[in-house]
Amino acid sequence: MNNIMEAMKTRRSIRKFLDKMVPEAQLEEIIQAGLYAASSRNRQATKIVSVTNSVICQQLRELNRKAWGKPEGIDPFYGAPVILVVLADRTFPNGVYDGSLVMGNLMLAAHALGVGSCWIHRAREVFDTAEGKQLLVQWGIEGDYEGIGHCALGYVDGGVPGDIPRKPNRVVYIK
């Protein structure tokens, strides 16, 4: 089996990370994979914000926790030391789809490099708040962007979840 198919079949969402930073060179490789995701009409209307600053990571954790409606002390990012925020131009009708492809590439690339990942939802809700919009301004992001997903990255603390059999009857063949 080729490397891409192997990565697709063995990647799992990780929900417990070590407190160990991903090296910058690996992080850049993961980000490059995201930048090469397919995009509608080659618009490339997405942005990736790489957050390794622990204070900003904590701010994102808190905003996400509130959007999720969970009590204080819950970490929706499972201790991941890196959060990649994927944003899409809200005025482009295919931005959500393009951003989803970016997220998929990020997670597959991370897995191929031995880095765990998990797609964390509620990015739209986070960046629709006043505090989330202020973060975008602080980061120099101009325009009307919506959050597509947070890609939590880090090294796995413990084992990687095993294979879950695929559900039957998910393909219909018309010949």
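In this structure the side chain of Asn3 never reaches within 4.5 angstrom of the side chain of Glu6, judged on heavy atoms. By the 4.5 Å heavy-atom criterion applied to side chains, Ile174 and Val172 are counted as neighbours. Asp128 places a side-chain heavy atom less than 4.5 Å from the side chain of Arg90. With a 4.5 Å cut-off on side-chain heavy atoms, Leu27 and Leu84 count as touching. Side-chain atoms of Cys151 and Leu153, non-hydrogen and from C-beta on, do get closer than 4.5 Å to each other. You'll find the side chain of Gln26 reaches within 4.5 Å of the side chain of Val115, heavy atoms only. Inter-residue side-chain proximity for Lys47 and Val85 is flagged as unmet; no heavy-atom pair is nearer than 4.5 Å. Between Thr52 and Cys57 there is no side-chain heavy-atom pair separated by less than 4.5 Å.
Here Arg65 pairs with Glu62 in a salt bridge; the nearest charged N to carboxylate O distance falls below 4.0 Å. Salt-bridge check for Asp75 with Lys16: failed, with every basic side-chain N at 4.0 Å or more from each acidic carboxylate O.
With sequence neighbours excluded, no residue satisfies side-chain hydrogen bond (donor to acceptor under 3.5 Å, both in side chains) with Asp157. Residues satisfying the side-chain hydrogen bond (donor to acceptor under 3.5 Å, both in side chains) criterion with Asn53, sequence neighbours excluded, are absent altogether.
Counting only N and O atoms by type, the side chains of His111 and Ser117 include no donor and acceptor under 3.5 Å apart.
In this structure, Gly158 and Val156 approach most closely via the heavy-atom pair O-CG1, 3.2 Å. When all heavy atoms of Arg122 and Glu125 are compared, the pair lying nearest together is CA-OE1, 2.9 Å. Taking every heavy atom of both residues into account, Pro81 and Leu18 meet most closely at CD-O, 3.9 Å. The heavy-atom pair separating Met21 from Val82 by the smallest distance is SD-CG2, 3.5 Å. Here the closest non-hydrogen pair linking Phe77 and Leu60 is CE1-O, 3.6 Å. Of all non-hydrogen atoms in Val126 and Ala67, the two that sit nearest each other are CG2-CB, 4.4 Å.
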Between Ile14 and Tyr78, is a side-chain contact (heavy atoms from CB on, under 4.5 Å) present by the stated rule, with each step listed?
-> CA-CA 8 Å; Ile14 302 303; Tyr78 307 106; over 6 Å; no

Stepwise side chain to side chain donor-acceptor pair (under 3.5 Å) test for Ser39 and Asp98 = CA-CA 5 Å; Ser39 68; Asp98 290 356; 4.6 Å; no

May I have the step-by-step check of side-chain contact (heavy atoms from CB on, under 4.5 Å) for Met103 and His150, ending in yes or no?
-> CA-CA 8 Å; Met103 288 291 295; His150 301 92; 5.8 Å; no

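More than 12 heavy atoms of other residues, nucleotides or ligands shown are found within 6.0 angstrom of CD on Gln134. Atom CD of Glu72 is surrounded by 12 or fewer heavy atoms from other residues, nucleotides or ligands within 6.0 Å.
Between the side chain of Asn94 and the backbone N or O of Tyr97 there is no donor-acceptor pair closer than 3.5 Å. In this structure, Arg166 contributes its side chain and Ile164 its backbone to a donor-acceptor pair below 3.5 Å.
Considering CE of Met8 and CE of Met5, their distance stands at 6.0 Å, rounded to 0.5 Å. The CG atom of Leu87 sits 9.0 Å away from the OG1 atom of Thr46 when rounded to the nearest 0.5 Å. Here the CG atom belonging to Leu136 is positioned 11.5 Å from the CD atom belonging to Glu142, to the nearest 0.5 angstrom. Between the CG atom in Leu101 and the CG atom in Leu106 there is a gap of 11.0 Å [rounded to 0.5 Å]. Rounding to the nearest 0.5 Å places CE of Met107 at 6.5 Å from OG of Ser13.
Tyr155 and Ile31 fall within the same hydrophobic cluster, where Ile, Leu, Val, Met, Phe, Trp and Tyr residues are linked whenever their side-chain heavy atoms come under 4.5 Å apart, directly or through other members. Under the 4.5 Å side-chain heavy-atom criterion for grouping Ile, Leu, Val, Met, Phe, Trp and Tyr, Phe17 is connected to Ile120 within one hydrophobic cluster. Under a hydrophobic clustering in which Ile, Leu, Val, Met, Phe, Trp and Tyr are joined whenever their side-chain heavy atoms come within less than 4.5 Å, directly or via other members, Ile56 and Phe127 fall into the same cluster. In the hydrophobic cluster analysis, where Ile, Leu, Val, Met, Phe, Trp and Tyr join through side-chain heavy atoms closer than 4.5 angstrom, Leu108 is grouped together with Ile4. With hydrophobic clusters built from ILVMFWY side chains whose heavy atoms lie under 4.5 angstrom apart, Leu63 shares a cluster with Ile141.
A cation-pi arrangement is present between Arg43 and Phe92, with the terminal nitrogen or guanidinium carbon under 6.0 Å from the aromatic centre and inside a 45° cone about the axis.
With Asp163 as the partner, the salt bridge (charged side-chain N to carboxylate O under 4.0 Å, His left out) test is satisfied by one option alone out of Arg12, Lys9, Arg11: Arg12.
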